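Okay, so here's the structure we're looking at.
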Amino acid sequence: MNHQAAVVTPGTLGPQDQPSKEAIASSAWVLLESQITPFTDVMAIPGAIYRALDAGGKKFIARNFMTHLGKNVLYCRDGTGYDRYFLGNARSFLRGGGTIVSVQGTEPFWMIRSTTTILQAAAANLGVTVPPKEKKVPRPPNAYILYRTERQNVVRDAHPGITNNEISQVLGAAWNAESREVRQQYKEMSEKIKQALYEQHPDYQYRPRKASQKKRRARRTASTNEVIEHDSDELAKPSFAD
DNA sequence: GCGAATGAAAC
DNA sequence: GTTTCATTCGC
């Protein structure tokens with residue numbers, strides 16, 4: 001391989017530079033496997049990781065988890081508002097008032113049983129594969145964001161009533177205490193998710209807005225920790241961020 | 001919208 | 001070097 005490809009952009013990215021689909025699947029499994037316990041019958045998969053997997057990768061993950069469970073498994077999008085997917089036996093999804101909404105041609109959709117919400121879910125589910133408008137492509141998650149997303153429920157379960165800010169503090173410390181190897185695994189997963197995003201959205205580009213097009217927001221300089229208000233004319237500036 | 005963590009990417 | 005935003009969701 002060549003060792004001088006330091007700059008990689010969506011435009012210059014050749015097929016040989018893409019992580020193989022197998023590599024994405026195996027990296028994803030390494031991360032997901034760590035959440036499995038003898039009591040795990042449903043696995044939660046962050047949306048970004050799920051979307052980075054191709055059909056073969058999803059099969060690979062499903063087969064591995066099926067081996068652990070000893071039961072057939074299926075994927076289900078979480079219909080409760082989180083960007084994540086579940087993998088598990090169908091019976092597990094039906095416990096505790098849950099139900100699976102399956103609209104032909106779309107992925108199954110899990111949610112708490114309720115007539116109105118099921119109808120909304122059916123509509124929302126159609127939107128997943130047949131987006132009426134082009135949605136904004138979200139920024140790919142970095143290694144720490146993946147780490148936090150994966151573990152937030154563990155921390156929340158262990159500390160009822162904990163706030164998200166406190167979860168960030170706990171997992172920020174945990175992240176810094178992790179070994180190089182563990183952090184590297186999340187780093188590699190974030191890189192693969194990013195490359196998969198470039199494949200799926202060749203025109204994607206990170207476009208941070210200047211001084212918040214929506215609402216003014218006090219900033220804080222790192223050096224002086226001084227709160228700096230926005231200039232009044234900044235809001236008037238038009239933005240072409242999208 | 002902000003906050004709380006980290007880090008990538010854009011200025 | 002500085003800012004935004006990717007994750008979460010109560011406030």
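What you see is a predicted model, and the numbers here were worked out from it, not measured in a lab. Below, chain A is the first sequence line, B the second, and so on; all start at residue 1.
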Discussion item. To the closest 0.5 Å, what do you measure between CG (A:Asp54) and CD (A:Glu22)?
Written reply: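 Those atoms lie 7.5 Å apart.
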Worksheet entry | CZ-OH distance between A:Arg183 and A:Tyr147, expressed to the nearest 0.5 angstrom |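 A:Arg183 atom CZ to A:Tyr147 atom OH measures 9.5 Å (nearest 0.5 Å).
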Worksheet item: What is the ring orientation for A:Tyr204 with A:Tyr198, classed by angle as parallel under 30°, tilted 30 to 60°, or perpendicular over 60°?
Response: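 Aromatic pair A:Tyr204/A:Tyr198 classed tilted.
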Worksheet item: Taking the six-membered ring for Trp, are A:Phe93 and A:Phe86 parallel (under 30°), tilted (30 to 60°) or perpendicular (over 60°)?
Response: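 Tilted, since the angle between the ring planes falls between 30° and 60°.
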Discussion item. Any base atoms under 4.0 Å from A:Thr163, or only sugar-phosphate, or nothing? Heavy atoms, all strands.
Written reply: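 No contact.
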Worksheet item: Under 4.0 angstrom, heavy atoms only, what part of the nucleic acid is A:Pro138 near: base, sugar-phosphate, or nothing?
Response: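 Since only primed, P, OP1 and OP2 atoms lie under 4.0 Å of A:Pro138, the category is sugar-phosphate.
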Worksheet item: Is there side-chain contact between A:Val73 and A:Met43, with at least one heavy-atom pair below 4.5 Å?
Response: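 No. Closest side-chain heavy atoms not under 4.5 Å.
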Practice prompt. Rounded to the nearest angstrom, tell me the gap between atom CG in A:Asp78 and atom P in C:dT7.
Written response: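 These atoms are roughly 14 Å apart.
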Item to complete: Rounded off to whole Å, could you give me the CD-to-C1' distance for the A:Gln152 and C:dA6 pair?
Response: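 Atom CD in A:Gln152 sits about 13 Å away from atom C1' in C:dA6.
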Worksheet item: What is the per-nucleotide protein-contact pattern of nucleotides 4-11 of chain B, from the 5' end, where B denotes a base atom under 4.0 Å from a protein heavy atom, S denotes such proximity for sugar-phosphate atoms only, and - denotes neither?
Response: BBBBBBS-
Worksheet item: Which is it for A:Gln184 and A:Glu188 under the side chain to side chain donor-acceptor pair (under 3.5 Å) test, yes or no, and what are the steps along the way?
Response: CA-CA 6 Å; A:Gln184 181 61 21; A:Glu188 285 171 11; 3.2 Å; yes
For residues 164-171 of chain A, dump all side-chain donor-acceptor pairs below 3.5 Å to protein atoms at least two apart in sequence or in another chain.
residue	atom	partner	partner atom	Å
A:Asn164	OD1	A:Arg156	NH2	3.4
A:Glu166	OE1	A:Thr163	N	3.0
A:Glu166	OE1	A:Thr163	OG1	3.3
A:Ser168	OG	A:Arg148	NE	3.0
A:Ser168	OG	A:Arg148	NH2	3.3
A:Ser168	OG	A:Asn164	O	3.3

Fill in: Heavy atoms from other residues, nucleotides or ligands near NE2 of A:His159 exceed 12 (cutoff 6.0 Å)
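Atom NE2 in A:His159 is not crowded, with 12 or fewer foreign heavy atoms closer than 6.0 Å.
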Discussion item. Output the pairing pattern of DNA chain C as a dot-bracket string, 5' first, Watson-Crick or G-U wobble with both distances under 3.5 Å, | for cross-strand pairs, [ ] for crossing pairs.
Written reply: |||||||||||
